[in-house]
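Have a look at the structure below, then the notes.
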Amino acid sequence: MTQDVMPAVAVSRERWHQVMTVVRVASGNFLEMYDFMVFGYFAGAISRAYFPKGSDTAGLLLTFATFGAGFLMRPIGALALGAYIDRKGRRDGLLLTLGLMSVGTITIALMPGYATIGLLSPLLVLLGRLVQGLSAGVELGGVSVYLSEIATPGRKGFYVSWQSASQQVAVMVAALIGVALTFYLPPDTMQAWGWRIPLVVGCLIVPFLFHIRRSLTETEVFLARKHRPTVGEILASVAANWGVVLTGVGLVLMTTVSFYFITAYTPTFGRDALHLSDMDALLVTLAVGASNLLWLPLSGALSDRIGRRPILVACTVLALATAYPALSWLAGAPSFGRLLGVELWLSFLYACYNGAMVVYLTEIVPAAVRTAGFSLAYSLATAAGGFTPFVSTYLVKHGGNAAMPGLWLSAAAFCGLVAVPVSTRFAKRHAEG
């Protein structure tokens, strides 16, 4: 009896160890996305606090431009910090990115408003966003590579999908806090200081995240690699593989544009373009986070069984065919039910695509520069996708049609559809396990 029980106990312990490793690795992803979502959810209040009074649309565009500016730092972070991780190790790199991310979080949370310190206020907020962007440029890549290297055989897609799934937990937590504050605080209080509460919450969880991430060990795949390339060698190799990087950009655009539309931009879209209540938009965003969390690991697991490319092609074709018509239907008669239905459909397409895409990108990048190459491709795409709230606000304002962001979504889906067949030769060359 004892001999039968002991192997089962050992297997159970090993599985629990793997689960906790995934949680520790993905913890920084949670903080990164939590901060980004809070910034998007409370963009209206942030614009009034940090930018000079004037046109509400102008202030909102400035806020979303600041939101997007962080993404412009991502390619720099991808190269500089990605090279560091590929040379020094996955664990040390993940601790470094968490530290930089925390600096940006605290800067934005505690910054006095424009009425108090004038122009210095938006400039320092912008600086905080740039530091966040620098760390975020390699955080996602570092986490994805780490998960791909610790995955058990035949389950790489499932493991890597939890990188994105952890972000959905952040979306849901940020939305829940937003719902609670909107319900309990009067609108004037929310505008005055209530929007700072979720940012302060982000600061409070930083020490806990450091504690759990410090217990990570280095991956066996990295330790088994005898040659540790110099920064110069890594950058030269990334340059030599520019085709992989550009293909990766095309693959990632569908993910970043659709994600930031259905999460960070939704509260503003619901309130300003569709004239729905803040509560309606936040509840839809909460539902989107839950939907993403459901579909991402299922898609990752399915990609382990049927392959990555069939899922990528199906999702991009469906997005091309339905994004603009769905938003036109919504704009024709805006309601909570229609917004929920459209956003859940876009969530399904995003999550199914992303669940297969992220692991696929780790497989087509050469192993020696996997973190830097992956992160650069992802960061360049995110530099465009991160401006989705800005672009969508502009299109709605100047296009005179709340469905106009559907064209932006369709353009991103087209890029993904073109990139899939181009990526085939890279997948054959660099796929592992």
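The figures that follow rest on heavy atoms only: side chains count, while hydrogens, waters and symmetry mates do not. Being a predicted model, the structure only gives us computed values, none of them experimental.
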If every non-hydrogen atom of [X] is compared with every non-hydrogen atom of [Y], which pair is closest and at what distance?
X	Y	value
Q168	L296	CG-CD1, 3.6 Å
V244	I364	CG1-O, 3.4 Å
S164	Y350	CB-OH, 4.3 Å
I262	V288	O-CG1, 3.6 Å
S303	A356	CB-CB, 3.9 Å
A403	A331	N-CB, 4.1 Å

Atom CH2 of W329: over 12 foreign heavy atoms under 6.0 Å: yes
Whether over 12 other heavy atoms sit under 6.0 Å from F414 CZ: no
Stepwise side chain to side chain contact (heavy atoms under 4.5 Å, CB included) check, L349 with T322: CA-CA 10 Å; L349 295 179; T322 64; 4.0 Å; yes
Donor + acceptor pair across side chains of S423, Y360 (<3.5 Å): yes
Short side-chain donor-acceptor distance under 3.5 Å, W295 and S347: no
Any side-chain heavy-atom pair of [X] and [Y] under 4.5 Å:
X	Y	value
W162	S166	no
L127	T107	no
M357	M254	no
S299	N354	no
Y378	V249	no

Candidate pair M73 and Q132, rule side chain to side chain contact (heavy atoms under 4.5 Å, CB included), full reasoning: CA-CA 8 Å; M73 290 296 292; Q132 282 183 328; over 6 Å; no
Nearest 0.5 angstrom please: [X] [atom1] to [Y] [atom2], how far?
X	Y	atom1	atom2	result
L327	S392	CG	OG	9.0 Å
L147	Y159	CG	OH	9.0 Å
L340	T266	CG	OG1	10.5 Å
I311	R305	CD1	CZ	12.0 Å
T393	D272	OG1	CG	7.5 Å
E343	S291	CD	OG	10.5 Å

Pair F259-T382, side chain to side chain contact (heavy atoms under 4.5 Å, CB included): steps then yes or no: CA-CA 10 Å; F259 177 75; T382 307; over 6 Å; no
Pair R271 + D278, salt bridge at N-O below 4.0 Å: yes
Plane angle bin for F261 and Y265 - parallel if under 30°, tilted between 30 and 60°, otherwise perpendicular: tilted
Whether W345 and F348 hold their rings parallel, tilted or perpendicular, with breakpoints at 30° and 60°: parallel
Keeping the roles fixed (side chain from [X], backbone from [Y]), state whether a donor-acceptor pair exists under 3.5 Å.
X	Y	answer
Y34	V169	no
S161	G300	no
R308	V359	no
S277	D280	yes
D304	F158	yes

Validation row, ring centre Y260 to ring centre F387 under 6.0 Å: no
side-chain hydrogen bond (donor to acceptor under 3.5 Å, both in side chains) evaluation trace for T388 with W408: CA-CA 8 Å; T388 291; W408 181 241; 2.9 Å; yes
Candidate pair L283 and M279, rule side chain to side chain contact (heavy atoms under 4.5 Å, CB included), full reasoning: CA-CA 6 Å; L283 287 173; M279 184 65 76; 3.9 Å; yes
